Amino acid sequence: QVQLVESGGGFVQAGGSLRLSCAASGRAFSRHSMGWFRQAPGKEREFVGGISWSGNSTYYADSVKGRFTISRDNAKNTVYLQMNSLEPEDTAVYYCAARADWIVPITREGYKYWGQGTQVTVSP
């Protein structure tokens, strides 16, 4: 069982930056692949990026590639999402998710554990 808590969301102007954190509690965080998803009002939850349990492999949606960076600190049981050059289209609730093996899915069905989400709002 893994519990996930996101933080770091907020309000920012276009072009700005935010760093989201996802703190995990429970067993063997370092044996979980992690993903970030987002859901805008009226839209489906979509994959933003993922990171392998070692941190050596990362994957990104085309819409955020080059602007967002995922990293993790297994000693702190935390995964991060650094978001730069934010655009109004990035406005959404951001969720982190965990899966207890080395696979890094790009679909929500691939993850078992989810946080409650943190709101990110980007103004024009």
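Source: prediction; values computed, not measured.
Remark: side-chain polar atoms of Thr78 are not paired, donor with acceptor, to backbone N or O of Ala23 under 3.5 angstrom. Side chain of Ser52 to main chain of Trp102: no donor-acceptor pair is present (N/O by atom type, distance under 3.5 Å, no hydrogens or angles).
Here the shortest heavy-atom pairing between His32 and Tyr113 reads NE2-CE1, 4.1 Å. The two atoms that bring Gln119 and Ala92 nearest to each other are NE2-O, 3.4 Å, heavy atoms only. Nearest heavy-atom pair, Gly110 versus Pro105, reported as atom, atom and distance to 0.1 Å: O-CG, 3.5 Å. Between Val120 and Leu18, the shortest heavy-atom contact is CG1-CD1, 3.9 Å. The heavy-atom pair separating Arg72 from Ser30 by the smallest distance is NH2-CA, 4.1 Å. In terms of heavy atoms, Trp53 sits closest to Asn74 at O-ND2, 3.1 Å.
Here Tyr94 contributes atom OH and Leu81 contributes atom CG; the two are 7.5 Å apart, rounded to the nearest 0.5 Å. Atom CZ of Arg19 sits about 11.5 Å away from atom CG of Asn84, to the nearest 0.5 Å. Atom CZ in Arg67 sits 12.5 Å away from atom OH in Tyr60 (nearest 0.5 Å). The structure places CZ of Arg99 at 15.0 Å from CZ of Arg31, a figure rounded to the nearest 0.5 Å. Atoms CE and OG1, from Met83 and Thr69 in turn, are 11.0 Å apart once rounded to the nearest 0.5 Å.
With a 4.5 Å cut-off between side-chain heavy atoms of Ile, Leu, Val, Met, Phe, Trp and Tyr, the cluster of Phe37 takes in Phe47, Tyr59, Val93, Tyr95, Val104, Ile106, Tyr111, Trp114.
Phe68 and Tyr80 are assigned to two separate hydrophobic clusters, defined by single-linkage of ILVMFWY side chains at heavy-atom distances under 4.5 Å.
Residues Ser21 and Lys76 have side chains not in contact (no heavy-atom distance under 4.5 Å, counting atoms from C-beta outward).
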Under 3.5 Å, side-chain donor or acceptor atoms of residues 3-16 against the rest of the protein: list the pairs with distances, not counting sequence neighbours.
unit_1: Gln3; atom_1: OE1; unit_2: Ser25; atom_2: OG; d: 3.1
unit_1: Glu6; atom_1: OE1; unit_2: Gln116; atom_2: N; d: 3.0
unit_1: Glu6; atom_1: OE1; unit_2: Gly117; atom_2: N; d: 2.8
unit_1: Glu6; atom_1: OE2; unit_2: Cys96; atom_2: N; d: 2.9
unit_1: Glu6; atom_1: OE2; unit_2: Gly117; atom_2: N; d: 3.3

